[in-house]
Structures are given as structure tokens and as C-alpha cells.
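Report on one structure; see the data block that follows.
Note that the coordinates shown come from a computational prediction; the quantities given were computed from them, not determined experimentally. Basis for what follows: all heavy atoms, side chains included, without hydrogens, waters or symmetry-related copies.
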Amino acid sequence: MRLAATPSQTVGPFFAIGMHTVDIAFEPAGERLTIQGRVLDGDGNGVNDAVIETWQTDSAGRYADRSSRGWGRVVTDASGTFRFSTTKPGRLMGVGDVVHAPHIAVAIFARGLLKHLFTRIYFPDEPSNATDHILALVPDDRRTTLIARPSGPNRFEWNIVLQGKDETAFFEF
């Protein structure tokens, strides 16, 4: 006889309920990208049941409209690997004269986290990274944790490290 854990024996949430991969809608004219990476714990082991939610603008820097849902979700596999395809976001006009560099906002849900984590994916060789006010808040030596690395034509690698010396920069939200 096998007994399952009950809510009173674990710290939720229970990711298998209602958490499944939802691809980000493509914009017909946008530049398609694939981003792949791993969610790693403090010992460098893959986190096998993490959920990554993403929000982004369309290629013109606008949030959800008819051609772009702007939201997606992906679940890590047994090795902590995730992959999603999307359209490269555009620069976002913020409040006042603030312009955000193209980025994808990311929330991470995983076992052992009592609150989900927030971070961003930026793209290398993007001139507006130099003036992005959020990226400027991150110390130089940690900024690289937010910038995806090219891994092929229209392909990028970006890992999420939950703790340790290579920990990804996370933001209060």
C-alpha cells in the first residue's frame, strides 16, 4: 500500500494541479526565438518540478494585443531543463521617459519556495541594455545572470540558479 502526502504534511503549492506548459503566441511578423535553460538548486542539481511563467511585449513594445498573448508557461523536465519559443520583444515605453530594453519578465515557482521569484531575461548585443534602468540596478558582476547567451541562430541559453555564488539576480515585486 502506498500513501500519498497530504496538504498537512507538505508545504504547497501543488504544481501538478493546473500547471502545464502554455506556449507563448507568435506574432506573424516578429523575430522568432527559442530560449532553453535549466533551473538549478544551490548544489547545481536540476529542479525537476519548477514552473516558469513569462510575460513580454510584442515586437513593437506593446503588451497583449490581437497578435500576441504576451504570456506563457513552461514546466521543467526531470533534469530541470525548460525550453520555450516566442517572438523577440520590443523596447517598452515606461512611465515618463523611461524606456526598457527588450526583455522577458519571468516568475519562478518551485518546491521549497514559499514565494515565487521574479527576474528578467535580457538579450546580448542589445544597445538599449546600457540605458535600461532596471538592469542598471544590478551590480556589474551579477548582471550577466540576466543576459541570455546565444546558442545558435535565433536560439539562446539562459539558466536560473536559485542560490549560491552564481545565483540569478531576483527582484522584489
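Of all heavy-atom pairs between Thr119 and Trp158, the closest is CG2-CH2, 3.5 Å. Among all heavy-atom pairs drawn from Asn159 and Thr168, the shortest one is O-OG1, 3.6 Å. Shown here for Arg38 and Phe82, the closest heavy-atom pair between the two residues is N-CE2, 3.5 Å. Residue Val138 comes nearest to Ala169 through the heavy atom pair CG1-CB, 4.1 Å, listed as atom of the first residue, atom of the second, then distance. Closest heavy-atom contact between Pro102 and Pro89: CB-O, 3.3 Å. The nearest pair of heavy atoms linking Arg142 to Glu167 is NH2-O, 2.7 Å.
No side-chain donor-acceptor contact under 3.5 Å links Asp43 to the backbone of Asn45. Although no hydrogens or angles enter the test, the distance criterion places no donor-acceptor pair under 3.5 Å between the side chain of Arg73 and the main chain of Thr54. The backbone N or O of Thr87 lies less than 3.5 Å from a partner atom in the side chain of Gln56, making a donor-acceptor pair. In terms of modelled atom types and a separation under 3.5 Å, the side chain of Arg32 and the main chain of Thr86 share no donor-acceptor contact. No donor-acceptor pair closer than 3.5 Å links the side chain of Asn48 to the backbone N or O of Ser79. A distance-only check finds a donor-acceptor pair linking the side chain of Thr57 to the backbone of Gly90 [under 3.5 Å].
Within a 6.0 Å radius of CG in Asp125, no more than 12 heavy atoms belonging to other residues, nucleotides or ligands are found.
Residues Thr145 and Val161 are not in side-chain contact: their nearest non-hydrogen atoms beyond the backbone lie 4.5 Å or more apart. Inter-residue side-chain proximity for Phe84 and Leu33 is flagged as unmet; no heavy-atom pair is nearer than 4.5 Å. The shortest side-chain heavy-atom distance between His116 and Ile108 does not fall under the 4.5 Å cut-off. Considering only heavy atoms from C-beta on, Leu40 stays 4.5 Å or farther from Leu162 through its side chain.
Distance check: Trp55 CH2 to Trp71 CH2 gives 8.5 Å after rounding to the nearest 0.5 Å. For the atom pair CG (Asp141) and NZ (Lys165), the distance works out to 11.5 Å, reported to the nearest 0.5 Å.
We find that Arg83 and Glu157 are not joined by a salt bridge, their nearest charged nitrogen and carboxylate oxygen being 4.0 Å or further apart.
A side-chain N or O of Ser85 and one of Thr34 form a donor-acceptor pair less than 3.5 Å apart. For the residue pair Thr81 / Gln36, no side-chain donor-acceptor distance below 3.5 Å is found, with atom types taken as modelled.
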(message) Does Ile160 form a side-chain contact (heavy atoms from CB on, under 4.5 Å) with Ile52? I'd like the steps, not just the answer.
(response) CA-CA 10 Å; Ile160 300 167; Ile52 298 158; 4.0 Å; yes

(message) side-chain contact (heavy atoms from CB on, under 4.5 Å) for Arg120 and Asp132? Distances and angles first, verdict last.
(response) CA-CA 12 Å; Arg120 286 181 165 191; Asp132 185 275; 3.9 Å; yes

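Exactly one residue among Met93, Arg91, His133 makes a side chain to side chain contact (heavy atoms under 4.5 Å, CB included) with His100. That residue is His133.
Clustering ILVMFWY residues whenever any of their side-chain heavy atoms sit less than 4.5 angstrom apart, transitively, puts Ile134 in a cluster other than the one holding Val98. Note on Ile35: it clusters hydrophobically with Val47, by side-chain heavy-atom contacts below 4.5 Å among ILVMFWY residues. Criterion: ILVMFWY side-chain heavy atoms under 4.5 Å apart, direct or through other members. Under it, Val99 and Leu135 are not part of a common hydrophobic cluster. Cluster annotation: Leu117 and Val39 are assigned to the same hydrophobic cluster (Ile/Leu/Val/Met/Phe/Trp/Tyr, side-chain heavy-atom contacts under 4.5 Å, transitive). When hydrophobic clusters are built by joining Ile, Leu, Val, Met, Phe, Trp and Tyr residues whose side-chain heavy atoms come closer than 4.5 Å, directly or via intermediates, Leu137 is grouped together with Ile147.
Ring geometry for Tyr122 versus His103: interplanar angle of 30 to 60°, hence tilted.
Aromatic ring centres of Phe123 and Phe156: separated by under 6.0 Å.
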